[in-house]
Amino acid sequence: MTLVRLAGLLILLAGLFLVGISGDNHRIANGRRISYGATLMALGAVTALFAGAFEGWFAWAAS
């Protein structure tokens, strides 16, 4: 369960990074990057929260 939770948190951090770099003080915010980042953050959060349920789907996470 720890590996699945870690993977979910890494996906969440990737989405947070994508949203963070989408708009800074030097250019206009990119809506596509914001939506991709928000989707990754939602996917990562769901994966991290329900890691126990996802553990049964992956053989490598069960050990």
Side-chain angles (χ1 to χ4, degrees):
M1 183 163 74
T2 318
L3 290 174
V4 176
R5 186 163 288 156
L6 181 65
L9 290 176
L10 288 175
I11 293 170
L12 188 134
L13 286 175
L16 187 63
F17 180 73
L18 199 61
V19 167
I21 64 169
S22 67
D24 53 7
N25 294 334
H26 304 293
R27 57 186 165 195
I28 298 172
N30 189 346
R32 182 178 294 156
R33 284 187 185 163
I34 290 174
S35 62
Y36 287 163
T39 303
L40 280 176
M41 286 192 299
L43 181 68
V46 168
T47 303
L49 286 174
F50 298 109
F54 291 137
E55 184 180 287
W57 293 353
F58 303 114
W60 55 266
S63 58

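All values below were derived from every heavy atom in this structure, side-chain atoms included, with hydrogens, water molecules and symmetry-related copies excluded. FYI, the numbering just counts along the sequence from 1.
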| said: Under 4.5 Å between side-chain heavy atoms, counting indirect links through other Ile/Leu/Val/Met/Phe/Trp/Tyr residues: same cluster for Leu12 and Leu10 or not? | reply: no
| message | Measuring from atom CG of Leu49 to atom CZ of Arg5, what distance do you get when rounded to the nearest 0.5 angstrom? | response | 7.5 Å
| field | Linked, directly or transitively: Leu6 and Ile11 (ILVMFWY side chains, under 4.5 Å) | value | no
| Whether Arg33 side chain and Val19 backbone form a donor-acceptor pair below 3.5 Å | no
| task | Please report the shortest heavy-atom distance between Gly37 and Leu18, naming the atom on each side. | result | N-CD2, 3.7 Å
| said: Suppose we screen for side chain to side chain contact (heavy atoms under 4.5 Å, CB included). Which residues come up paired with Leu16, at least two apart in sequence or across chains? | reply: Leu13, Met41
| note | Closest non-hydrogen atoms of Leu9 and Ala48, given as atom of the first, atom of the second and distance, are CD2-CB, 4.1 Å
